[in-house]
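So the structure is just underneath, and the comments pick up after that.
These numbers come from the heavy atoms of this one structure, side chains and all, not from hydrogens, waters or symmetry mates.
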Amino acid sequence: MDIIGTILWPIKWVVEAILVAFHTLWTAIGFSPDEGLTWVLSIVGLVLVIRAALIPIFVRQIKSQRRMLEVAPQIKKIQDKYKGKKDQFSREAMSRETMALYKKTGTNPLSSCLPLLIQMPIFFSLFSVLSNAQHPDHPAGIGLLNQQLSESFGTSSLFGIAPLHESFSTATTPAVQIIAVIMVILMTGSQFITQLQIMSKNQSAEMKASPTYRQQRILLYLLPLVFAFSGFTFPLGVMFYWLVSNFWTMVQQFLVIRNMPTPGSEAALAREARLAKRQLRRPVITEQLAPESGTLMIEEPINPQRQQPVSKNRAKKKSGNSKR
């Protein structure tokens with residue numbers, strides 16, 4: 001076993017265990033064990049478990065990205081300070097000042113890439129599991145994916161017309177190509193929307209003036225194209241994992257931007273407006289001490305009632321009764 005296989009071995013074992021657990025669940029509910037839909041739902045369950053486990057790391061990534069964008073103008077000043085100086089002393093001084101800034105602000109440039117780095121081995125493990133399952137002899141997995149389940153996974157077809165082990169480039173039926181094109185469009189669109197809502201709503205004015213923002217603008221259009229071209233080479237089973245994971249990221253990003261926006265951004269201003277509107281709807285309760293007993297009295301605002309107009313005759317009667 002090579003070093004990559006050694007690294008992926010425990011991840012593949014966990015992937016197989018989760019995949020088989022959901023396959024067993026759907027089969028117990030009444031789905032056909034060899035149907036492609038059963039395996040697709042098992043892949044969806046795999047995504048939900050893995051992405052839920054990565055939520056704390058994702059929150060840390062958001063905070064790290066925010067701090068990186070906040071310190072970007074200061075990093076630019078350090079770079080401008082040593083611009084044009086290529087001697088070793090200047091480079092070491094620039095590196096020391098940059099690292100000192102990272103340490104002072106509690107920023108780690110690598111932490112923003114941590115969720116992606118963690119997901120890549122999982123992605124390659126699923127790809128390896130599916131590739132082995134689609135092999136002509138359908139070898140058993142390294143864990144709970146036994147020979148029978150491996151053969152079921154490798155030969156399953158979605159709705160009986162789209163084998164999960166086929167890709168757009170290796171498709172034997174038009175149905176596989178149609179499904180693959182639709183999934184690539186959805187994957188590309190969800191990736192673009194996720195990045196767009198970050199760029200348009202969750203950036204302050206200082207961040208938009210930084211070089212990092214310009215780099216993100218380039219990636220906004222570049223990454224979806226990369227995913228679009230590479231998506232045509234992946235089997236449908238792997239693409240389902242990728243698509244569901246993209247939708248999870250898009251919804252998760254929306255909730256984070258709505259509830260944890262970057263200070264000074266458009267999303268932060270919108271959140272402050274929502275909180276202010278919500279505060280106005282709440283009744284104002286005042287607390288004061290009674291002058292004699294010293295007990296705490298809570299006074300709620302009294303809704304003033306509109307006084308009805310009184311006719312002249314009724315007014316005269318009231319005045320007569322009061323004289324008596």
- Task: For Val14, enumerate each residue passing the side-chain contact (heavy atoms from CB on, under 4.5 Å) test, keeping only those at least two apart in sequence or located in another chain.
- Result: Ile18
- Test side chain to side chain donor-acceptor pair (under 3.5 Å) applied to Trp242 - qualifying residues, sequence neighbours left out: none
- Query: Which pair of heavy atoms, one from Arg258 and one from Arg271, lies closest together, and at what distance?
  - Reply: O-CD, 3.4 Å
- Item | CD1 on Ile182 to CE on Met239, rounded to 0.5 Å | 10.0 Å
- Message: In the structure I gave you, are the side-chain heavy atoms of Val184 and Phe168 within less than 4.5 Å of one another anywhere?
- Response: no
- Query: Which distance, rounded to the nearest 0.5 Å, do you find between the CD of Gln148 and the CZ of Phe153?
  - Reply: 15.0 Å
- Task: On the 0 to 90° scale, with breaks at 30° and 60°, tag the Phe31-Trp26 ring pair as parallel, tilted or perpendicular.
- Result: perpendicular
- Decide yes or no on side chain to side chain contact (heavy atoms under 4.5 Å, CB included) for Ile50 and Leu54, but give the supporting numbers first. CA-CA 6 Å; Ile50 292 175; Leu54 292 177; 4.1 Å; yes
- Message: So which atom in Ile161 and which in Val176 form the shortest heavy-atom distance, rounded to 0.1 Å?
- Response: O-CG2, 4.3 Å
- Ile55 vs Trp248, side chain to side chain contact (heavy atoms under 4.5 Å, CB included): CA-CA, chis, key distance, verdict: CA-CA 11 Å; Ile55 287 178; Trp248 176 288; 4.0 Å; yes
- Task: Starting at CG of Leu145, measure out to NZ of Lys12 and round the result to the nearest 0.5 Å.
- Result: 10.0 Å
- Task: Could you list the residues that satisfy side-chain contact (heavy atoms from CB on, under 4.5 Å) with Thr27, not counting sequence neighbours?
- Result: His23, Pro33, Thr38
- To the nearest 0.5 Å, how far apart are CD1 in Ile43 and CG in Leu48? 12.0 Å
- Task: Indicate if Leu275 and Ile257 have the same hydrophobic cluster label, given that clusters are the connected sets of ILVMFWY residues with side-chain heavy-atom separations under 4.5 angstrom.
- Result: no
- Item | Closest non-hydrogen atom pair, Trp39 against Leu149 | CZ2-O, 3.6 Å
- Other ILVMFWY residues reachable from Leu255 by side-chain steps of under 4.5 Å: Val251, Phe254
- Message: Test of understanding: with side-chain contact (heavy atoms from CB on, under 4.5 Å), list the residues that count as partners of Val47, not counting sequence neighbours.
- Response: Arg51, Tyr241, Val244, Ser245
- Message: Going by side-chain contact (heavy atoms from CB on, under 4.5 Å), name the residues that satisfy it together with Ile78, two or more places apart in sequence or in a different chain.
- Response: Tyr82, Met94, Glu97, Thr98, Leu101
- Ile179 and Ala162: which non-hydrogen atoms are nearest, and at how many Å? CD1-CB, 3.6 Å
- Message: Taking side chain to side chain donor-acceptor pair (under 3.5 Å) as the criterion, tell me which of Ser157, Ser152, Ser156 meets it with Asp34.
- Response: Ser152
- Give, for atom CG of Asn146 and atom CD of Glu151, the distance between the pair rounded to the nearest 0.5 Å. 10.5 Å
- Give a yes or no on whether Ile185 and Val238 share a hydrophobic cluster (residues Ile, Leu, Val, Met, Phe, Trp, Tyr; joining criterion: side-chain heavy atoms under 4.5 Å apart). yes
- Query: Just by distance, do the side chain of Glu16 and the backbone of Ile142 share a donor-acceptor pair under 3.5 Å?
  - Reply: yes
- Where Ile193 and Met250 come nearest, the two heavy atoms and their spacing: CG2-SD, 3.8 Å
- Note on the structure: Smallest heavy-atom separation, Leu236 atom then Met183 atom, equals O-CE, 4.1 Å
- Side chains of Thr233 and Ser167: does their closest heavy-atom pair fall under 4.5 Å? no
- Message: Would you compute the distance between atom CZ of Phe192 and atom OG1 of Thr194 and round it to the nearest 0.5 angstrom?
- Response: 10.5 Å
